> 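I have a structure I would like to understand better, so I am pasting it below and will then ask my questions one at a time.
Because only heavy atoms are used, hydrogens play no part in the values below, and waters and symmetry mates are left out as well, while side chains stay in. Note that the structure is a prediction, hence the values are computed from the model and not measured. We number each residue from 1, following the sequence as shown.
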Amino acid sequence: MDVALGGTFDPVHDGHRALFERAFELGDVTVGLTSDDLAPKTRNEDRNVRSFTERKADLESELRPFAEAKDREFDVRKLTEPTGIATEEKFDVLIVSPETKHGGERINELREERGFDPLEIVVVPHVEAEDGDIISSTRIVNGEIDEHGNLTPARSGRD
């Protein structure tokens, strides 16, 4: 199967890794990575997002072991619009988190308008941090937690 997922991935954390694990269980994976212009528009909070080039290099390093473990292929492509690559006919499955499920449903509406089959939408549950709240890139950047969800009260966030 051809599996799609998308995001900003800045920084990558255990919640993202849960998405990657599930994606590679299902097939070859194409990750849409938000462009420098799109990334700030997809954030719930205004914060610094590293460049596409930096995020892509880190993302590929994270994806490689998952792909090798499952003998799968992967590709990272630039997203310039929120619905991104998943509206392309070739995909079978879309991996989403609980808060992006609605976006997946919108993608299926667009696919239907184009005469394509709907994607199977696979919702991967959030990964909780040590304090019971979800792990998020924003919390990491703000210095609340590390990439594994451990509380980091003495750490300051990224400028």
Side-chain angles (χ1 to χ4, degrees), residues 1 3-70 72 74-79 81-86 91 93-108 119-159:
M1 284 202 272
V3 181
L5 67 118
T8 301
F9 306 110
D10 184 43
V12 173
H13 54 69
D14 285 355
H16 295 137
R17 292 180 186 106
L19 297 171
F20 304 155
E21 179 70 30
R22 185 68 181 122
F24 283 107
E25 287 172 357
L26 297 172
D28 293 328
V29 176
T30 302
V31 179
L33 180 63
T34 56
S35 67
D36 289 334
D37 288 336
L38 180 60
K41 298 173 187 168
T42 63
R43 306 289 83 214
N44 293 329
E45 288 186 29
D46 185 30
R47 68 170 174 86
N48 179 48
V49 176
R50 293 177 309 137
S51 74
F52 176 85
T53 303
E54 291 174 288
R55 291 181 290 121
K56 183 178 182 190
D58 286 351
L59 181 58
E60 288 174 338
S61 294
E62 288 282 345
L63 295 171
R64 198 165 289 110
F66 288 100
E68 290 171 357
K70 300 288 185 188
R72 305 282 193 190
F74 75 90
D75 188 24
V76 176
R77 293 176 42 200
K78 187 180 286 189
L79 287 183
E81 58 185 65
T83 55
I85 60 172
F91 295 105
V93 178
L94 178 65
I95 302 293
V96 297
S97 59
E99 74 271 6
T100 59
K101 183 179 181 208
H102 179 71
E105 292 164 353
R106 175 67 184 134
I107 286 167
N108 272 341
L119 296 171
E120 176 186 347
I121 298 175
V122 175
V123 181
V124 176
H126 289 122
V127 175
E128 291 184 358
E130 184 177 25
D131 61 2
D133 200 355
I134 66 168
I135 297 176
S136 73
S137 295
T138 298
R139 291 188 72 200
I140 295 166
V141 169
N142 288 343
E144 298 172 39
I145 59 173
D146 67 15
E147 69 184 271
H148 305 295
N150 300 307
L151 296 176
T152 55
R155 188 174 155 258
S156 61
R158 183 186 331 151
D159 295 329

> Would you confirm whether T34, through its side chain, and L79, through its main-chain N or O, come within 3.5 Å as a donor-acceptor pair?
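Absent.
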> What pair of heavy atoms forms the shortest contact from A39 to V49, and how long is it?
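What the structure gives for the nearest pair is CB-CG1, 3.9 Å.
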> Under 3.5 Å, side chain of R55 to main-chain N/O of F9, donor-acceptor pair present?
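Not at all, since once roles are kept as given, no pair shorter than 3.5 Å links the two residues.
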> With distance as the sole test, does S35 use its side chain to make a donor-acceptor pair with the main-chain N or O of L38 at under 3.5 Å?
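Present.
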> Taking side chain as C-beta onward, heavy atoms only, is I121 less than 4.5 Å from V96?
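Yes, close enough: below the 4.5 Å cut-off.
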> Would V29 and F20 count as a side-chain contact (heavy atoms from CB on, under 4.5 Å) here? Give the steps.
CA-CA 9 Å; V29 176; F20 304 155; over 6 Å; no
> Answer yes or no: is there a side-chain heavy-atom contact under 4.5 Å between S137 and D10?
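No; the side chains remain at least 4.5 Å from each other.
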> Go through the steps for F24 and L63 under the test side-chain contact (heavy atoms from CB on, under 4.5 Å), then give the verdict.
CA-CA 9 Å; F24 283 107; L63 295 171; 3.9 Å; yes
> Looking only at heavy atoms, which two atoms of R72 and L26 are closest? And how far apart?
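Looking at all heavy atoms of both residues, the shortest contact is NH2-C, 3.9 Å.
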> Minimum heavy-atom separation for A86 and L94, please, with both atom names.
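That closest heavy-atom pairing would be CB-CD1, 3.9 Å.
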> Find the distance between CD (E120) and CG (N108) and round it off to the nearest 0.5 Å.
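Spacing of CD (E120) from CG (N108) equals 10.5 Å.
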> Flag the pair K56 / K78 as yes when at least one side-chain heavy-atom distance between them is below 4.5 Å, and no otherwise.
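No, side chains not in contact.
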> Grab the two heavy atoms, one from V127 and one from D14, that are nearest each other, plus how far apart they are.
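That would be CG2-O, 3.8 Å.
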> Looking at CG of L19 and CD of E21, how far apart are the two atoms once the value is rounded to the nearest 0.5 Å?
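That separation rounds to 11.0 Å.
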> Going by side chain to side chain contact (heavy atoms under 4.5 Å, CB included), L119 matches just one of I95, I107, V93. Which one?
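Passing option: I107.
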> Looking at P11 and I140, what are the two nearest heavy atoms and their distance?
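What the structure gives for the nearest pair is CG-CG2, 3.7 Å.
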> To the nearest 0.5 angstrom, please state how far the CZ atom of R64 sits from the CD atom of E60.
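CD of E60 is found 6.0 Å from CZ of R64.
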> Any donor-acceptor pair under 3.5 Å linking the side-chain atoms of E99 with those of H126?
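Present: a donor and an acceptor within the cut-off.
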> Is there side-chain contact between D131 and R139, with heavy atoms separated by less than 4.5 Å?
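Heavy-atom side-chain distance check passes, below 4.5 Å.
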> Would you give the length of the straight line joining atom CZ of F66 to atom CZ of R22, rounded to the nearest 0.5 angstrom?
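Answer rounded to 0.5 Å: 13.5 Å.
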> For F52, does its backbone N or O pair with a side-chain atom of D36 as donor and acceptor, under 3.5 Å?
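Yes; at least one donor-acceptor contact below 3.5 Å.
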> Measure from the side-chain N and O atoms of E130 to the backbone N and O of L151, and report whether any donor-acceptor pair falls under 3.5 Å.
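Here the side-chain-to-backbone pair exists.
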> Kindly compute the distance separating CG (L33) from CG (L5), expressed to the nearest 0.5 Å.
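L33 CG to L5 CG: 10.5 Å, rounded to 0.5 Å.
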> Distance check, rounded to the nearest 0.5 Å: D28 atom CG versus F74 atom CZ?
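So the gap between those two atoms works out to 11.0 Å.
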> Kindly indicate whether the side chain of D133, heavy atoms from C-beta on, has any atom under 4.5 Å from the side chain of E144.
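When only atoms from C-beta onward are counted, E144 and D133 do not touch, as no gap falls below 4.5 Å.
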> Would you say the side chain of V12 lies within less than 4.5 Å of the side chain of E147, judging by non-hydrogen atoms?
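Sidechains of V12 and E147: no contact.
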> Looking only at atom types and distance, does a side-chain atom of D146 sit under 3.5 Å from a main-chain N or O of H148, one as donor and one as acceptor?
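Flag set: sc D146 to bb H148 pair under 3.5 Å.
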> Are any side-chain N or O atoms of H13 and backbone N or O atoms of G15, one a donor and one an acceptor, separated by less than 3.5 Å?
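The answer is yes, because a donor-acceptor pair under 3.5 Å joins these two groups.
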